[in-house]
Protein chains: 2
Amino acid sequence: MPAPRRKAETTDTATADDRQPVSLGLLDNLLGYRLRRAQLSVFQDFLIVMKDFDLRPAQFSVLAIIAANPGLKQSRVSEALGINRANFVALLDELEQRKLARRAPAPGDRRSNALFLTPKGEGFLKDAYRHLVVQHEKRVETVLGSADKQQLLGLLEKLTALA
Amino acid sequence: MPAPRRKAETTDTATADDRQPVSLGLLDNLLGYRLRRAQLSVFQDFLIVMKDFDLRPAQFSVLAIIAANPGLKQSRVSEALGINRANFVALLDELEQRKLARRAPAPGDRRSNALFLTPKGEGFLKDAYRHLVVQHEKRVETVLGSADKQQLLGLLEKLTALA
DNA sequence: TATTGTTATACTCTATAACTATA
DNA sequence: TATAGTTATAGAGTATAACAATA
């Protein structure tokens, strides 16, 4: 006669469920996984902080590159950000419709557009950046510590050279 | 009479184009931007290295979590990975069709699925991980140095707690 | 009433091919 | 021939709402 089972849901195979903490297993020391999770957390915080400005990370990056390199050709802006030129068109269209950036004829090459911020775009970017530093980067540094942030930036730069 | 211009494409406004290096401007010390670029580089390398296994990062992560927590409920696996449960269904469907993972009835709750790897899935994951460590993580450590990698993992973990 | 798995749907992001106008 | 901007399109990834079965 078999031994009585106390509950119908108990089994003879060990299963890890209910309220045990979930183990990361092989993911634990996989850099790509940790990097992805950290990036999602930071982007999520960015989105919340920039909600009033209605600005996504990619849009911010375009404005920042144009501001730092006024007159740069459209193809070079998209290339610098790693955005393929076909996808860059709609992104720039929106910034232009919002009167934050503008396409101008590129001197010496009638195929190209030279990109500039509008005066409104300059003010907008300045305000957004100030807000970002105060709300977002400050929170990042609270979690990390300021020295750690600088070191992290250095490590990430090395990694980006990988591909 | 106006002074002669040497070339039609020269202008009187200073524009940053042609072969000057592109400045990152405000992006230079924005952690989110650097994090995103680094993550894309690492994922791109992952994809190349895992091409023969036809395995994307998300698929690898699911197999790894199931392997480390056999019998875990479907909802807890997706939750642990930050994948919303609706989107997790197709992801798991594909792993099940490839006979790498399987849904089993969860003891004690007929709404839930308990997830397991198949024997084939166990071998597949082991092979994939070995390949990944040899090809991918090794390259990462070449770029970073082994001590830096451990430190980076620690910093990223802190950041993930942000959101 | 709440939860689990599921479907349907929509929106963003990304990648490729092809067109046009210029070079 | 090659390049810059553009359009069209298709594939991932992600988010929400709603339903059936079960708790």
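Proteins come first, then strands; the chains are lettered A, B, ... in the order of their sequence lines, and each starts at number 1.
Per the geometry, CG belonging to A:Leu115 stands 13 Å off P belonging to D:dA4, to the nearest Å. One interatomic measurement links the two molecules: CD of B:Glu79 to C1' of D:dT14, which rounds to 17 Å at whole-angstrom precision. Spacing between atom CZ of B:Arg103 and atom P of C:dG5 amounts to 9 Å, rounded to whole angstrom units. Between the CZ atom of B:Arg76 and the C1' atom of C:dT3 there is a distance of 14 Å, rounded to whole Å. Atom P of nucleotide D:dT7 and atom CD of A:Gln74 are separated by 10 Å, given to the nearest angstrom. Computed from coordinates, the A:Arg37 CZ to D:dT14 C1' distance equals 14 Å when rounded to whole Å.
Residues B:Leu92 and B:Gln74 meet the side-chain proximity criterion, which asks for heavy atoms closer than 4.5 Å.
The side-chain hydrogen bond (donor to acceptor under 3.5 Å, both in side chains) test applied to A:Asn87 returns no partner, not counting sequence neighbours. Evaluation of the side-chain hydrogen bond (donor to acceptor under 3.5 Å, both in side chains) rule for B:Lys126 yields no partner, not counting sequence neighbours. Remark: B:Phe124 engages B:Phe53 in a ring pair (Phe, Tyr, Trp, His ring centres under 6.0 Å) (not counting sequence neighbours). The side-chain contact (heavy atoms from CB on, under 4.5 Å) test applied to B:Glu137 returns A:Leu30, A:Leu31, B:Lys149, not counting sequence neighbours. Taking A:Ala80 as the reference, B:Val22 meet the side-chain contact (heavy atoms from CB on, under 4.5 Å) condition, with sequence neighbours excluded.
B:Arg56 has no side-chain polar atom (N or O) that falls below the 4.0 Å cut-off from OP1 or OP2 of C:dT14. Taking side-chain N and O atoms only, B:Ser112 has no distance below 4.0 Å to OP1 or OP2 of C:dT3. Checking the phosphate oxygens (OP1, OP2) of D:dG5, a side-chain nitrogen or oxygen of A:Ser75 falls inside 4.0 Å. Considering only side-chain N and O atoms, A:Arg36 lies nowhere under 4.0 angstrom from the phosphate OP1 or OP2 of D:dG13.
For the pair A:Leu40 and A:Asp93, nearest-nucleotide mapping onto DNA chain D gives the more 5' position to A:Asp93.
The stretch residues 111-124 of chain B participates, sequence neighbours left out, in these salt bridge (Lys or Arg N to Asp or Glu O under 4.0 Å) pairs: B:Asp109-B:Arg111. Among residue pairs with one or both ends in residues 35-49 of chain B, those qualifying as salt bridge (Lys or Arg N to Asp or Glu O under 4.0 Å) are B:Asp45-B:Arg139; sequence neighbours excluded.
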Could you write out each protein N or O paired with an N or O of nucleotides 21-23 of chain C at a distance under 3.5 Å?
from	atom 1	to	atom 2	distance (Å)
C:dA23	OP1	A:Arg110	N	2.9

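Of the charged side-chain nitrogens involved, at least one lies within less than 4.0 Å of a carboxylate oxygen, so that A:Arg103 and A:Asp93 count as a salt-bridged pair.
For the contact set between residues 80-91 of chain B and DNA chain D, defined by any heavy atom under 4.0 Å, the members are B:Asn84, B:Arg85, B:Ala86, B:Asn87.
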